[in-house]
Structures are given as C-alpha cells and as structure tokens.
Number of protein chains: 2
Amino acid sequence: MAKYLNEFDATMQMIQGKWKIIILYELAETGQGRFGELQRHIQNVSHKTLANQLRELETDGLIIRHDFKTAEPHVEYHLSENGKSLIPILDAICTWGDTHVDHNLIERSLCDE
Amino acid sequence: MAKYLNEFDATMQMIQGKWKIIILYELAETGQGRFGELQRHIQNVSHKTLANQLRELETDGLIIRHDFKTAEPHVEYHLSENGKSLIPILDAICTWGDTHVDHNLIERSLCDE
DNA sequence: CAGTATCCTATGGGATACTG
DNA sequence: CAGTATCCCATAGGATACTG
C-alpha cells in the first residue's frame, strides 16, 4: 500500500507538525543543537512533543541524531543532506508568508532578518 | 492575539489540509472548476470535506467563488492572485517529493508530467 | 448541483510525572 | 540531560442524510 497520496502529500507529511519547520530552520542556522538547547530556543514546545517531532524528522531522514554515549547524556542533532535540500523550500514558504500575510497576525517573525 | 506563530505557520495553515494543495493545483491547471468537477477529479474526497476546504481556501483569499445565481445552482471556483502566487511554491514542494521520496510509496503522481 | 448538519473516529499535541 | 509513559482534549476528516 502506498503511504502517500502524491508528491505534495509526501513532502507535506514530512514537514507538517507544529514545530518541525522551526526545528529544521533552527538547525539550519546553528549547524547543530542539543535537545535542551532546542527546547529553550523554540519556546512553548512541550517536552514530549519536541521528542516526538525530532524522532519523526529522524525517521524521515531529514535530521541525524548523534549520541555521544558519555556518562552524562549528550545528544546532538543536525540536518542530513536531505534535510538541507529542504531549506530553499522553507525559505520560500517563509517569504511567501512574510509578503502575503498581515504582520499583525504573526507572533514572532522568523525569516527575512 | 496573534493567529500564527510565524511566517511558516501562516503559510502552512493555509495550505494544510488533506486536499487543499490538490485543489489549488487542479485549479491552476484547469483555470476554473465547479464543485462537482473538482469532486470527480480529486478522487476519494468526501463531499463535506471538499466543501470545507473550499470554504477555508476562500476565507484565506486563495481562491474566488463565483455564484452564477441561476435557477439551477452553478458555482465556479478559480485562483485569486494570492493563490496564483503560491503555485511556484507548490511546484517546489512537488518536485522535492518527486526527487527525494521513494516512488513506490506514492499512490498517484501529480507533478513532473 | 451546491451546501449544510449530525455523528463518529483517529490523531496531534499539551501537562505532568517517571527513568537511567 | 534525554527520553518515555499516561492522561486528556481539540481538531480534521469520513459516512451519511437532508435542503433549496
């Protein structure tokens, strides 16, 4: 059985999720990040949901999880090549929102800085 | 209160919905379409859901609903300028899915024909 | 033909607490 | 620090039937 209706659906399912794009964008800018860092930067995301979305992004091959396997837990996330290839699209999505949506309706600007 | 988290969120909320992108793409290709036509072309969409998504797209200003107000109900939908400006992004989303997702997982190919 | 109303289910995501 | 488990709620979307 096919998992996706079409190419839109495939792409959308991978980036759909309240925080997924923000996570990808954050990692694109910083290069890599730890769980706690991401949670601090992306305000209001719940612990459970961040963990969920990170796992989905990892499963879909958009980010890579590197476990340092030290005594004190230390995990770093960074974009895969596939994830990086998505950035131009995210830019386009951000720019479109920036130019076509009333700024008063937008809580925190992310693109075009 | 802001309605959207950021520009991503704004754009995503407008195109999110199981059939919204397909509707937009369909209208982009055909120029305009009636309710029944859309339902026939977009297989498997339920009557109620199609009506819902059309109304949301209209509310968000992406499509325009033209009621001919004849005795026999006749309504045509077509893209607004805002909706048209979204097409390049949809193309990018489709192309990305086409090149980065296993074709066996995709039910019906829509782009790159 | 186009649209609305009702009912139902699956899922996403928040709050919170627990584990190693 | 990173992750999992439980509980709970709001929403999306399907099936179906009804209206003008």
Side-chain angles (χ1 to χ4, degrees), chain A residues 1 3-6 8-10 12-24 26-27 30 32-60 63-78 107, chain B residues 1 3-6 8-10 12-24 26-27 30 32-60 63-78 107:
Chain A
M1 254 302 286
K3 189 178 175 190
Y4 307 114
L5 290 179
N6 47 56
F8 294 124
D9 190 40
M12 291 296 281
Q13 281 200 34
M14 293 191 192
I15 62 176
Q16 230 159 29
K18 196 163 171 185
W19 311 99
K20 278 192 189 174
I21 293 191
I22 306 186
I23 295 170
L24 292 173
E26 179 76 18
L27 292 178
T30 60
Q32 91 301 332
R34 305 181 60 162
F35 187 96
E37 286 171 357
L38 288 169
Q39 194 173 17
R40 247 173 291 115
H41 284 120
I42 307 167
Q43 286 157 32
N44 298 340
V45 64
S46 77
H47 189 101
K48 176 198 137 189
T49 301
L50 179 58
N52 256 336
Q53 310 227 334
L54 284 171
R55 216 165 356 89
E56 288 179 20
L57 289 169
E58 194 199 351
T59 302
D60 286 333
I63 64 174
I64 293 170
R65 177 182 183 276
H66 180 221
D67 189 341
F68 284 80
K69 297 188 187 297
T70 45
E72 184 64 0
H74 183 177
V75 175
E76 295 267 3
Y77 293 94
H78 65 268
E107 206 164 298
Chain B
M1 254 301 288
K3 189 178 173 190
Y4 307 114
L5 290 178
N6 47 56
F8 294 123
D9 190 41
M12 290 296 282
Q13 282 200 34
M14 293 190 192
I15 62 176
Q16 232 158 31
K18 196 164 171 184
W19 312 98
K20 279 192 188 173
I21 292 191
I22 306 186
I23 296 170
L24 293 173
E26 179 77 17
L27 292 178
T30 61
Q32 92 300 334
R34 304 180 61 161
F35 188 95
E37 288 172 354
L38 288 169
Q39 196 175 17
R40 247 172 293 114
H41 285 120
I42 307 167
Q43 286 158 31
N44 297 339
V45 64
S46 78
H47 189 101
K48 176 199 137 190
T49 301
L50 179 58
N52 255 336
Q53 310 227 335
L54 284 171
R55 213 161 0 86
E56 288 180 20
L57 289 170
E58 193 198 352
T59 303
D60 286 333
I63 64 174
I64 294 170
R65 176 183 185 278
H66 180 220
D67 189 340
F68 283 79
K69 297 187 187 296
T70 46
E72 184 65 359
H74 183 178
V75 174
E76 295 266 3
Y77 293 94
H78 62 94
E107 205 163 300

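Letters A, B, ... mirror the listed sequences (proteins, then strands); counts begin at 1.
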Distance-minimising heavy-atom pair for A:Tyr77 and A:Leu27: O-CD2, 3.5 Å
B:Glu76 CD to C:dA2 P, straight-line distance once rounded to whole Å: 8 Å
Flag, side chain of B:Thr49 to backbone of B:Val45, donor-acceptor distance under 3.5 Å: no
Touch class at under 4.0 angstrom, heavy-atom based, for B:Gln53 against every strand present: sugar-phosphate
Non-hydrogen side-chain atoms of B:Leu50 and B:Trp19 separated by less than 4.5 Å: no
Side-chain donor/acceptor contact of A:His47 with base of D:dG3 under 3.5 Å: yes
Between D:dG14 (C1') and B:Ile42 (CD1): distance, integer Å: 16 Å
Distance below 4.0 Å between A:Arg34 side-chain N/O and D:dC1 OP1 or OP2: no
Of the listed nucleotides C:dG13, C:dC1, D:dC1, the one nearest the side chain of B:Glu72: C:dC1
Nucleotide C:dG12, atom P - distance to CD of B:Gln13 in whole Å: 16 Å
Presence of B:Thr49 side-chain N/O under 4.0 Å of D:dG13 phosphate oxygens OP1/OP2: no
side-chain hydrogen bond (donor to acceptor under 3.5 Å, both in side chains) assessment of A:Asn52 paired with A:Glu56: CA-CA 6 Å; A:Asn52 256 336; A:Glu56 288 179 20; 5.7 Å; no
DNA chain C: 5'-proximal contact among A:Pro73 and A:Asn52 (nearest heavy atom): A:Asn52
base_contact_polar (C:dG13 base, A:Lys48 side chain, donor-acceptor, <3.5 Å): yes
Spacing between B:Asn44 atom CG and D:dG14 atom P, to the nearest angstrom: 9 Å
Residue-phosphate contact under 4.0 Å: A:Arg55 side-chain N/O, D:dA2 OP1/OP2: no
Gap between atoms CD and C1', on B:Gln39 and C:dT4 respectively (whole Å): 14 Å
Atom-to-atom span, CG of B:Leu5 to C1' of C:dG13 - whole angstrom: 13 Å
Between C1' of D:dG3 and NE2 of A:His74, the distance in whole Å: 15 Å
Sugar-phosphate only, base, or nothing, as touched by A:Phe68 at under 4.0 Å among non-hydrogen atoms: nothing
Single hit among A:His66, A:His74, A:His47 for ring pair (Phe, Tyr, Trp, His ring centres under 6.0 Å) with A:Phe35: A:His47
Partner nucleotide, any strand, of C:dT19 [Watson-Crick/G-U, under 3.5 Å]: D:dA2
Value in whole Å for how far the C1' atom of C:dC1 lies from CD of B:Glu37: 11 Å
Distance test, side-chain N/O of B:Tyr77 to OP1/OP2 of C:dC1, below 4.0 Å: no
Presence of A:Arg65 side-chain N/O under 4.0 Å of D:dG3 phosphate oxygens OP1/OP2: yes
